Enquirer: 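Sharing a structure with you now.
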Amino acid sequence: MTVYDTESTCSVVYPNLNRSTPPAELQVNFPTPELEIYKADRKPVTTRFSSFDKQHVRSKDPLLFSSGNTMIIDFKEIGDEEYAFPLPGGKVISSYGGRRRHSGVDIKTRANDTIVSAFDGIVRMAAPYAAYGKVIVVRHYNGLETVYSHNSRNLVKAGDTVQAGQPIGLTGRTGRATTEHLHFEIRINGEHINPTLFFDFGKCDLYKKSFACIRKGGKITVAAVDRFPYQQNYLSYYY
């Protein structure tokens, strides 16, 4: 539309606001970005086991700290389907540590109750082992190993791939045990770690936090941390 100024010879051209939509061949369709699906953090872990690995609860993984003495385990964005409480509905009857230097947590429900894998992983050991009785050790891709012992029956064997929440055994009192229960341990590179750092046993749930695991002098310490960019490099520098 053109409007002429009555007091000058110039004209002002206004845009036509009633233009129709451009033809389809001239339209540009931008793709809708897809939301990234979070997948649990995977560590470089050994999944082919020696005869020693299959016969002993404590076994180190040469790949786990191969790039340095620190490791971050990040559960902040873990999905509900990616973890499970090992004995749903269970109550703690004996805590970690104490005068007995207890290497795990004892959880009780009833005899022959179903034990499930805490995370995805590969069964490293499933056999009778001294005071543990019938025991299962699962190596997880997140860098942890979990131990389930005193079982009346093991439902898996070494080399089996398991998913979080998959039944792997039944509670019992094999080995040195006075009542049917699950003795549950968490280990990192063979060293037992307090399971209450990772699990809220009162709520039967996982703490959705980030954890710094630092190897120093043959020992491993674990602490919850607020993750920030380049944290792995930062910890490697100072530790």
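Index from 1, following the sequence. Values reported hereafter were calculated over all heavy atoms of this structure, with side chains retained and with hydrogens, waters and symmetry mates removed. On a predicted model such as this, the values are computed, not experimentally measured, just so you know.
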Enquirer: Examine distances only and state if a side-chain atom of His150 and a backbone atom of Thr174 form a donor-acceptor pair shorter than 3.5 Å.
Expert: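 Answer holds: yes.
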Enquirer: If hydrophobic clusters are built from ILVMFWY residues whose side chains come within less than 4.5 Å, do Val135 and Ile186 share one?
Expert: no
Enquirer: Of all heavy-atom pairs between Thr179 and His181, which one has the smallest distance, and what is that distance?
Expert: O-ND1, 2.8 Å
Enquirer: For a ring pair (Phe, Tyr, Trp, His ring centres under 6.0 Å) check, start with the C-alpha distance between Phe184 and Tyr148, then their side-chain angles and the critical distance, and finish with the verdict.
Expert: CA-CA 5 Å; Phe184 176 69; Tyr148 315 78; 5.6 Å; yes
Enquirer: Test of understanding: clusters of I, L, V, M, F, W, Y form through side-chain heavy atoms closer than 4.5 Å, transitively. Do Leu170 and Ile107 belong to the same one?
Expert: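 Result: no, two separate clusters.
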Enquirer: CG of Leu144 to CZ of Arg139: how many Å apart, nearest 0.5 Å?
Expert: 11.5 Å
Enquirer: If you measure from OG on Ser50 to NE2 on His56, what distance do you get to the nearest 0.5 Å?
Expert: 9.5 Å
Enquirer: State whether the side chain of Asp61 and the backbone N or O of Leu63 hold a donor-acceptor pair below 3.5 Å, judged by distance alone.
Expert: yes
Enquirer: May I ask you to test the Ile193-Phe198 pair for a side-chain heavy-atom distance under 4.5 Å?
Expert: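 SC-SC contact between Ile193 and Phe198 confirmed.
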Enquirer: Considering non-hydrogen atoms only, spot the tightest contact between Val156 and Gln166 and give its length.
Expert: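 Scanning both residues, the minimum pair turns out to be CG1-NE2, 4.4 Å.
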Enquirer: Within the side chain of Lys219, is there an N or O that forms a donor-acceptor pair under 3.5 Å with the backbone of Ile214?
Expert: no
Enquirer: Ring-plane angle category for Phe75 and Phe211, please: parallel below 30°, perpendicular beyond 60°, tilted otherwise.
Expert: perpendicular
Enquirer: Using a 4.5 Å cut-off on heavy atoms from C-beta on, say whether the side chain of Leu197 contacts that of Tyr207.
Expert: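 Heavy-atom side-chain distance check fails, nothing below 4.5 Å.
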Enquirer: How close do Ser149 and Leu182 get, heavy atom to heavy atom, and via which atoms?
Expert: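 For Ser149 and Leu182, the tightest heavy-atom pair comes out as N-CD1, 3.8 Å.
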Enquirer: Going through the distances and angles, do Phe201 and Phe85 end up as a ring pair (Phe, Tyr, Trp, His ring centres under 6.0 Å)?
Expert: CA-CA 9 Å; Phe201 285 84; Phe85 190 74; 5.6 Å; yes
Enquirer: Can you tell me how far CG of Leu87 sits from OG1 of Thr109, rounded to the nearest 0.5 angstrom?
Expert: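 It is 4.0 Å, given to the nearest 0.5 Å.
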Enquirer: Any side-chain heavy atom of Val123 sitting closer than 4.5 Å to one from Lys157?
Expert: no
Enquirer: Restricting to non-hydrogen atoms, name the atom on Cys213 and the atom on Ile188 that form the minimum distance, rounded to 0.1 Å.
Expert: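 Looking at all heavy atoms of both residues, the shortest contact is SG-CD1, 3.8 Å.
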Enquirer: Search all heavy atoms of Cys204 against all heavy atoms of Gly89 and return the closest pair with its distance.
Expert: SG-N, 4.3 Å
Enquirer: Quick one, Thr221 with Lys216, criterion side chain to side chain contact (heavy atoms under 4.5 Å, CB included). Give me CA distance, side-chain angles, the key distance, then yes/no.
Expert: CA-CA 8 Å; Thr221 58; Lys216 191 173 184 180; over 6 Å; no
Enquirer: Angle class for the His102/His183 ring planes (parallel below 30°, perpendicular above 60°, tilted otherwise)?
Expert: tilted
Enquirer: Indicate if Val162 and Val116 have the same hydrophobic cluster label, given that clusters are the connected sets of ILVMFWY residues with side-chain heavy-atom separations under 4.5 angstrom.
Expert: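 Cluster IDs for Val162 and Val116 differ.
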Enquirer: In sequence, state the C-alpha distance, the side-chain angles, and the governing distance for Lys76 and Asp226, and then conclude on side chain to side chain contact (heavy atoms under 4.5 Å, CB included).
Expert: CA-CA 10 Å; Lys76 275 195 171 182; Asp226 290 326; 4.0 Å; yes
Enquirer: Any chance you could measure Tyr96, atom OH, to His192, atom NE2, to the nearest 0.5 Å?
Expert: 4.5 Å
Enquirer: Between Val147 and Ile122, is there a shared hydrophobic cluster once you connect ILVMFWY residues whose side-chain heavy atoms come closer than 4.5 Å?
Expert: no
Enquirer: Output yes when Asp200 and Lys208 qualify as a salt bridge under the 4.0 Å nitrogen-oxygen rule, no when they do not.
Expert: no
Enquirer: Quick one: CG on Leu206 to CG on Asp80, what's the gap to the nearest 0.5 Å?
Expert: 9.5 Å
Enquirer: Consider only side-chain heavy atoms of I, L, V, M, F, W and Y, link residues closer than 4.5 Å, and tell whether Val137 and Ile220 are in one cluster.
Expert: no
Enquirer: Looking at every non-hydrogen atom in both residues, tell me the closest pair between Ile73 and Lys43 and how far apart they are.
Expert: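 The pair with the smallest heavy-atom distance is CA-NZ, 4.2 Å.
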Enquirer: What do the steps show when you test Met125 against Ser59 for side chain to side chain contact (heavy atoms under 4.5 Å, CB included), and what is the final call?
Expert: CA-CA 10 Å; Met125 177 185 182; Ser59 178; over 6 Å; no
Enquirer: Crowded around Lys209 NZ? As in, over 12 foreign heavy atoms under 6.0 Å?
Expert: no
Enquirer: Backbone N or O of Thr171 within a donor-acceptor pair of the Ser152 side chain at under 3.5 Å?
Expert: yes
Enquirer: Can any side-chain N or O of Arg173 pair as donor or acceptor with the backbone N or O of Thr178 at less than 3.5 Å?
Expert: yes
Enquirer: At what distance, to the nearest 0.5 angstrom, does CD of Glu180 lie from CG of Asn112?
Expert: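 Glu180 atom CD to Asn112 atom CG measures 7.5 Å (nearest 0.5 Å).
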Enquirer: Can you list every pair that meets side chain to side chain donor-acceptor pair (under 3.5 Å) and has a residue in residues 121-132, with sequence neighbours left out?
Expert: Arg124-Glu145, Tyr132-Glu185, Tyr132-Arg187
